[in-house]
Structure formats: C-alpha cells, structure tokens
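Below is one structure, written out as structure tokens, with a few remarks after it.
Because the structure is a prediction, the values reported are computed rather than measured. We count residues from 1, following the sequence as given.
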Amino acid sequence: MVRMMTPEQCPHRNNVQSTEKTQVYKLGIYGWRKRCLYFFVLLLMILIVVNLALTIWILKVMNFTIDGMGHLRITERGLKLEGDSEFLQPLYAKEIQSRPGSPLFLQSSKNVSVNILNEKKQLVSQLVAGSRGVHARGKMLEVKSSSGKLLFSADDHEVVVGAERLRVMGAEGAVFSNSVETPQVRAEPSKELRLESPTRSLYMEAPKGVKIEADAGDFQATCRSDLRLESKDGEISLDAKKIKLLHLPEGKASPSGSRQTVYEPSFTTQNKLMFQRDASI
C-alpha cells in the first residue's frame, strides 16, 4: 500500500523549486565588451573604405587599363613604352626600337654597356660608353656606309680603310712605327708632301718601281749621312734641262779609244764619282 504525501509534507522539495526559480542565465555580450566589439567593427569598416579609396586613386593615377598601365602598353608586337622610363633591374629584350621619326635615347649616370654572350654565357663582344671614352671589344670591327660599302675594318691581322681618301688632320702628320704599304701617297692641292724619318733611315721599295712626281714644285731629298741611288739591274737616268753638281772637284780626262770620254774627279776610292759625257759635246 502506497501512501501519497502532500506538498506540505515535503519541505525539502519546496526549497529546491524555489531556488531554481530565482536563478536567471543571460545570453550575449553586454557591457564594455559589447562597446569594444562595436568599435573594432567600425574601425574595420573605416579601413576597408580607406583601402578601397586608395586602390581606386592608385588605379586612376597609374592609368591602369586593359591594355596596360601608365605609358606602358601591351600590343601584338610586344610592349610599347612612351615617355621617359627608368629601369632599376636588368632589362632583357629581343629588340628595342624607337617610334618612327623619333630617336632612341639611352642615358646613364656612369656608363652604358652592351654585352654579347654566346651559348656558354661567355663574353664575345662588348661596347662600353663611359666618362673615360668609348671602348669596343670583339674579334672584328667594321664600319660601312649607307650603301653597304666598307669604310673601315680592323681585326687581329690588319686594318683596312676602304674610303677613297684617308686624311690626317694633325699638325705632325701621320707616324708609323713599322712599314706602310700603299699604292699612292699624295698631298692635298697646293700643299707640300713630306716623308721624314728624324732618327732612322727612310726606305721606299716597290716590285715595279718607285715614281716621284712634283708637277708644280720642287723635289728635294736631304739627309745627314749618305744619299745613295742604286740600281742593281738597270740604270739611273738624270733627265733635266740643267744638271748641277755643286762643290765638285775638277777632274782630268783619261784617254780612251772609245767614242766617249770618262771624267774622274780626284776623289778617294770610297767617295769616287764617275759620269760619262759624249765626246761630241
């Protein structure tokens, strides 16, 4: 038999129910935490708006478009750059050319260097333009005219001047430390031609002869030691209206049975001068 108890008979249960009704649980953020959260959200929105405004301003200033940015445009042939530009790092390009009718200007505070490398990354040719001058390095140097004619070339073996005339404007003329091979040496009109060797001898050789002409002036050969005219297989001819031999000692005629008479001045053996004269003169 179960006996039911009334609520009045259970004081402990009533105390538990009364205490549970008095406890209240609050959900969410309240107080200073809520204020800090709202502040950070507001600050984040301000940063987003400022960042967006700066991005739009940079796009407008740098002139970003679909074709490129600023003065740089992307075309079918490559990159097109208008105006002055500065490159802080090396520039690699297959071809650099200016606009039609405009020059290509390269400027540097130190020097401008153009290097040509082979497949093994070894330096083959180099051109350096700096404050001390222009230096070129390579196997051969060629200068051609607009028509393709060779004007100047130089390599390890020879230097070729292909122009019709080589002009040296220096007051001292041209100085050659070794031999010079040329078909003709000619002075400018109304000017003298001088071949001079101040401390050494001067030799002129040719397989078919040496011809010296002075159409409008005198020819003069001066030396400090001996002046020698030598012909191994031929003769030496003096063809002029007058031939003068100054300071020549008198000689006496030697008898001879031939038609010509030989005059021998009274010189020593080393300084003997012999010439022939027709007996009829």
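- By the 4.0 Å N-to-carboxylate-O rule, E192 lies too far from R194 to be salt-bridged with it.
- Under the salt bridge (charged side-chain N to carboxylate O under 4.0 Å, His left out) criterion, R132 pairs with no residue, sequence neighbours left out.
- When the side chain to side chain donor-acceptor pair (under 3.5 Å) test is applied to E158, no partner is found at least two apart in sequence or on another chain.
- In this structure, the side chain to side chain contact (heavy atoms under 4.5 Å, CB included) partners of V50, at least two apart in sequence or on a different chain, are I46, L54.
- Of all heavy-atom pairs spanning E142 and S153, the tightest one is CG-CB, 4.0 Å.
- The side chain to side chain contact (heavy atoms under 4.5 Å, CB included) search around L141 returns F152, not counting sequence neighbours.
- Under the rule for a salt bridge (charged side-chain N to carboxylate O under 4.0 Å, His left out), E164 has no partner lying at least two apart in sequence or in another chain.
- Qualifying side chain to side chain donor-acceptor pair (under 3.5 Å) partners for N115, counting only residues two or more places apart in sequence or in other chains: Q126.
- Scored by the salt bridge (charged side-chain N to carboxylate O under 4.0 Å, His left out) test, R186 finds no partners at all (sequence neighbours excluded).
- Scanning for side chain to side chain donor-acceptor pair (under 3.5 Å) contacts around S98 gives an empty result, with sequence neighbours left out.
- Looking at residues two or more places apart in sequence or on another chain, you find a side chain to side chain contact (heavy atoms under 4.5 Å, CB included) between V41 and L37, M45.
- One distance of note links CG of L117 with CG of L123; it measures 6.0 Å at 0.5 Å rounding.
- K34 pairs by the salt bridge (charged side-chain N to carboxylate O under 4.0 Å, His left out) definition with nothing, not counting sequence neighbours.
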Could you go through residues 105-112 and list every donor-acceptor pair under 3.5 Å that involves a side-chain atom there, pairing it with any protein atom two or more places apart or in another chain?
from: S108; atom 1: OG; to: K110; atom 2: N; distance (Å): 3.3
from: S108; atom 1: OG; to: N111; atom 2: N; distance (Å): 3.4
from: S108; atom 1: OG; to: N111; atom 2: O; distance (Å): 2.9

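- T55 pairs by the side chain to side chain donor-acceptor pair (under 3.5 Å) definition with nothing, not counting sequence neighbours.
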